[in-house]
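Residue numbers start from 1 in every chain, and the chains themselves are labelled A, B, ... in the order their sequence lines are given, proteins ahead of strands.
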Protein chains: 4
Amino acid sequence: MSFDRDDPSSTGTERPLTRRDARPAGTVVTVGGVEIGGPDIVVFAGPCAVESATQLLATARAVQAAGAHVLRAGAFKPRTSPYSFQGLKEEGLSLLAQVRAKTGLPVVTEVMDPRQVELVSQYADILQVGSRNMQNISLLEEVGKTRMPVLLKRGMSATISEYLHAAEYVLRGGNTQVMLCERGIRTFEPSTRNTLDLNAIPMLHRETHLAVLVDPSHGTGQAWMVPSLAAAAVAAGADGLLVEVHCDPARALSDGRQSLTPDAFARMMREIAAVAVAVGRALAPAAVPLASVPR
Amino acid sequence: MSFDRDDPSSTGTERPLTRRDARPAGTVVTVGGVEIGGPDIVVFAGPCAVESATQLLATARAVQAAGAHVLRAGAFKPRTSPYSFQGLKEEGLSLLAQVRAKTGLPVVTEVMDPRQVELVSQYADILQVGSRNMQNISLLEEVGKTRMPVLLKRGMSATISEYLHAAEYVLRGGNTQVMLCERGIRTFEPSTRNTLDLNAIPMLHRETHLAVLVDPSHGTGQAWMVPSLAAAAVAAGADGLLVEVHCDPARALSDGRQSLTPDAFARMMREIAAVAVAVGRALAPAAVPLASVPR
Amino acid sequence: MSFDRDDPSSTGTERPLTRRDARPAGTVVTVGGVEIGGPDIVVFAGPCAVESATQLLATARAVQAAGAHVLRAGAFKPRTSPYSFQGLKEEGLSLLAQVRAKTGLPVVTEVMDPRQVELVSQYADILQVGSRNMQNISLLEEVGKTRMPVLLKRGMSATISEYLHAAEYVLRGGNTQVMLCERGIRTFEPSTRNTLDLNAIPMLHRETHLAVLVDPSHGTGQAWMVPSLAAAAVAAGADGLLVEVHCDPARALSDGRQSLTPDAFARMMREIAAVAVAVGRALAPAAVPLASVPR
Amino acid sequence: MSFDRDDPSSTGTERPLTRRDARPAGTVVTVGGVEIGGPDIVVFAGPCAVESATQLLATARAVQAAGAHVLRAGAFKPRTSPYSFQGLKEEGLSLLAQVRAKTGLPVVTEVMDPRQVELVSQYADILQVGSRNMQNISLLEEVGKTRMPVLLKRGMSATISEYLHAAEYVLRGGNTQVMLCERGIRTFEPSTRNTLDLNAIPMLHRETHLAVLVDPSHGTGQAWMVPSLAAAAVAAGADGLLVEVHCDPARALSDGRQSLTPDAFARMMREIAAVAVAVGRALAPAAVPLASVPR
């Protein structure tokens, strides 16, 4: 683990805060009463993007009914093309807060700009730093100054070592509430959007004390593949999943091809619950309604 | 699935023999009474290479006791360097036959040269075509002329489409008893030997009727990672596993770092049995002693 | 060129501002009297990072004597590890301005944070957006609001399509002075830091009207490889080069292994001048002293 | 250079025959009076496959008129799909011999099977081992037993270390007449068939004494890109080129998209001649008519 492609001098010992033996028992992040990084498995689910109050609430109710613990949805969307839907921005944040109030589900949403960290922190329970920004140092430093839980997604072709150094930037700011998320890497294979890298799960668990989630939706880009890879991730030791669900995938403004329907998601939840038990774990109980949780 | 990097005109419909709808029920290969590609999950286990009668028998007895169905070990070894151990060759085949006679375990071993197909067929129950030879057309055609079961491993950077075209070469020769095996692909990540590609499992199941095995030993290159990725492979729908086990990994002549001890293998078998049940399957019952199986 | 790994719906026609036929004659950016993107070839050279007044001035004088047109050096350094040297920051910018005043060389330096764009613009002649920030949308939008020349480096595993969409973000802000720079991509090869992708030169020239530079220093990570790949880049049609030079590479605070000595750089300049002539081009004449250039 | 992905224990010192210091002056292979690996640059050109006497002779005459030194064309074609054109086989060899007799051009053609080495050796001047067979150990050993010049192409995702170990297999058989050929590697980029890796040129020259050729036709997959990358390869220090030319690319039975027309090839030859001079080399003089060369 001492090899770093773009910084060949780095070694594990140079990550004093993220390395495994800095916290041998592991880091547990608690959001809305749900423990992430403990023995139980958590599921973050929801649409790729906040599109409307109706879409968001319908999807949130559906994933909650199926047992999801955290609602995921993007208000700020970092799209490859400037002409693709860029998200509802602050209006999207506001819709997230409304749906959180109605359902009690904690919310994770992406922050793309260091100048937005304060704004997004007012609405979200977990700040997501996306793959494209894994090495956006200014953003890492800014979320490191907050005391908000942070979900740091792996870059599209980041080595394990680079990924952990990115997390180190956040911890060095004093924010210990960091969670990792493998989301597919770039390979030569043209039939899938990415190649989900499940090797990363045991490797990250050995190298760091941070919780490891997996996103099979981006990792494959195809909804029909998500349930088998979600089950595989749980079997390989993932602490949680990030899954795209849309109440009407065919009409999604982004990533519809990789979004599960509510029915398919509910089936997937039953399947992964069984796999969790087989590996000596369980799905976490539902989140405590947020009204009773002081922020 | 219509994109082929090195033969861009090919499409699924150009694989009349391997494509899924050519045999919607799937192809089941039966070896020593064990069905591969049916509902039950099979495990091929053993050392990387045949090293001696003692090593092979000790390892075979250990994997058999733990529930393995087929003994794997190389007599002909295609090594990167001409100065690495190249295998015991025909003497190795002879030792495999002796251990088969003593244990009743069917044997899979690699054939590297079209001129050796007849020889290896006299000793082995399954012919393995290795990753380096996935596009060795002469070898594919030669094993296609036999009626021996063939285990065709995926090339180190073969696309799914190229892999299935390679299988098509074998089937076109009239040999329908082909099994596939994902064994890790080449990526930018330096901390593991390869990146095991579990996306390939659902993708191959959709594209073809052939059984899909997974080799987490080569896929990771590190023994401590094998059990979690074996469990993940079963959860993702693999029909079987190929696992390196050595009675004394520290003294192995090749690939010791990725070989499980017999104890670790036995633990892994219990873990994957539980995962198999969780996804509605089971480990296959042990092989029928070969003495009672006509060849 | 219609395939985009992470945004599969995009096509060339969706890049109205960057696509070739939007400006068939090509975009020429003029800095300090030097034309970039015209018939002549330009060279940006200097140390990886500003380390001290002495180091910067000595290196600048050396590269200027050898014919370099623009001084490159980082004041803000986006390092993989938070514990690596992060640059002299504003002090570094100030040193750059002093050396520019003394030598007349225009300056290119990296900006990493949208909040720093205004500051860096006060010191630099060209704003560099680095590989790690190629999809830092906020930063792209912010430099797009300026009217400063922008050097946008390709991401470590960005497709050509993604790269051009990133440039489109800048142009859409109204800033047409964008230059591209291939700097090595990530592959499976462990013997070099990256693999310089010279296919990108003709491909980018076909797809866009923007100037294409090449950075063989990051592209290989090894100083001894730089001259041959610099020559290759010029032969393949590059409009310019970005080359790391340090007055004392063995004592460089970052990237010393890939920095040329002044002597090696001077030799390289003579070699590429000959190659430029062979392909019907020439090295650009030296920059007009900046004192005489209104900003 | 000590890192080998699939055989991590190997080092340069383990390649006693191929390593640079085994023959510091470099290995020169002489074919039809043409020296490959000396100061002059050689060009192997011709169609992907032998299709007919007319097609082969017309293309041979055209490439000879433009200054090519060796005729390349496949009689045995290792295609991804068994249903693609597999070559004219022995009839193709016979046509190659006829065209050689008429033009005096030496011939390079692929051998895919150890059982064909003797046959192909009767017709060809240089035996080509293709990318798919770079680690076909039996084939490497068989061509190593001959005293024929061998052109060993790099595997699609072979590391430099693996590539040189493959060459070591041939040299260890006593055959020192080996030439290398970079032909594009597999990356994440979808817009080209492969990514031509010109880093490989200086790296191979440092690591081994064998001549290094480059195949920009397979390396890019697109004829319009070939001339710029051919020029780049020469500038980077390649000892020769392998270029696909077809008298009528639109009707080629294979790889028409990447084949130059005779006119485009003649233009390319003039361009690379200029680049060769710029880097202190020259195109080799034409081959001595083979009638006067004893075999």
Side-chain angles (χ1 to χ4, degrees), chain A residues 3-10 14-17 76-84 86 112-116 130-142 144 155-159 161-162 164-166 168-173 184-188 190 193-194 218 221 254-255 257, chain C residues 3-10 14-17 76-84 86 112-116 130-142 144 155-159 161-162 164-166 168-173 184-188 190 193-194 218 221 254-255 257:
Chain A
F3 189 98
D4 183 327
R5 289 195 82 123
D6 241 46
D7 206 354
S9 59
S10 70
E14 293 182 359
R15 295 184 285 98
L17 304 176
F76 294 94
K77 301 295 305 169
R79 304 301 298 280
T80 297
S81 165
Y83 308 107
S84 299
Q86 306 278 315
M112 293 166 50
D113 185 323
R115 297 167 300 188
Q116 296 163 344
S131 291
R132 290 170 178 81
N133 286 312
M134 190 202 85
Q135 291 192 318
N136 181 335
I137 309 294
S138 303
L139 183 60
L140 296 175
E141 290 178 338
E142 203 66 31
M156 291 173 199
S157 68
T159 63
S161 171
E162 289 167 340
L164 292 173
H165 277 108
E168 187 84 13
Y169 270 102
V170 183
L171 270 73
R172 211 177 60 131
I185 58 170
R186 197 148 272 192
T187 71
F188 55 83
R193 180 170 173 175
N194 293 291
H218 283 87
S254 60
D255 285 351
R257 273 206 318 176
Chain C
F3 188 99
D4 183 327
R5 290 196 80 123
D6 241 47
D7 205 354
S9 59
S10 70
E14 292 182 358
R15 294 184 286 99
L17 305 175
F76 294 93
K77 301 296 304 170
R79 304 302 298 280
T80 297
S81 164
Y83 307 109
S84 300
Q86 306 278 315
M112 293 166 50
D113 185 323
R115 298 167 298 189
Q116 296 163 344
S131 291
R132 290 170 177 82
N133 285 313
M134 190 202 84
Q135 290 191 317
N136 181 335
I137 309 293
S138 304
L139 183 61
L140 297 175
E141 289 178 339
E142 203 67 30
M156 290 174 199
S157 68
T159 63
S161 170
E162 289 166 341
L164 292 172
H165 277 107
E168 188 83 13
Y169 271 102
V170 183
L171 270 73
R172 212 178 58 133
I185 58 170
R186 197 148 271 194
T187 70
F188 54 82
R193 179 169 173 177
N194 294 291
H218 283 87
S254 60
D255 286 351
R257 274 205 318 175

Peer 1: OG of C:S131 to CD of A:Q135: how many Å apart, nearest 0.5 Å?
Peer 2: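 Going from OG on C:S131 over to CD on A:Q135, the span is 10.0 Å.
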Peer 1: If you compare all heavy atoms of A:P114 against all heavy atoms of C:D113, which two are closest, and at what distance to 0.1 Å?
Peer 2: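 Shortest heavy-atom contact: CG-OD1, 3.8 Å.
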Peer 1: Contact part of A:N133 toward chain C, heavy-atom cut-off under 4.5 Å: side chain, backbone, both or neither?
Peer 2: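 For A:N133, the side chain is the part near chain C, not the backbone.
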Peer 1: Going through the checks in order, is the side-chain contact (heavy atoms from CB on, under 4.5 Å) test met by C:R115 and A:E142?
Peer 2: CA-CA 12 Å; C:R115 298 167 298 189; A:E142 203 66 31; 3.0 Å; yes
Peer 1: Which heavy atom in A:S138 sits nearest to a heavy atom in C:M112, and how many Å separate them?
Peer 2: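 Here A:S138 and C:M112 meet closest at OG-O, 3.6 Å.
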Peer 1: Determine the option with the most heavy-atom pairs under 4.5 angstrom with chain A, choosing from C:F76, C:Y83, C:Y169.
Peer 2: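 Maximum pair count with chain A is reached by C:Y169.
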Peer 1: If you take all heavy atoms of C:A158 and A:R186, which pair is closest and at what distance?
Peer 2: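 For C:A158 and A:R186, the tightest heavy-atom pair comes out as CA-NH1, 4.1 Å.
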Peer 1: Nearest 0.5 angstrom please: C:I137 CD1 to A:R79 CZ, how far?
Peer 2: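 Answer for the CD1-CZ pair, C:I137 versus A:R79, is 10.0 Å.
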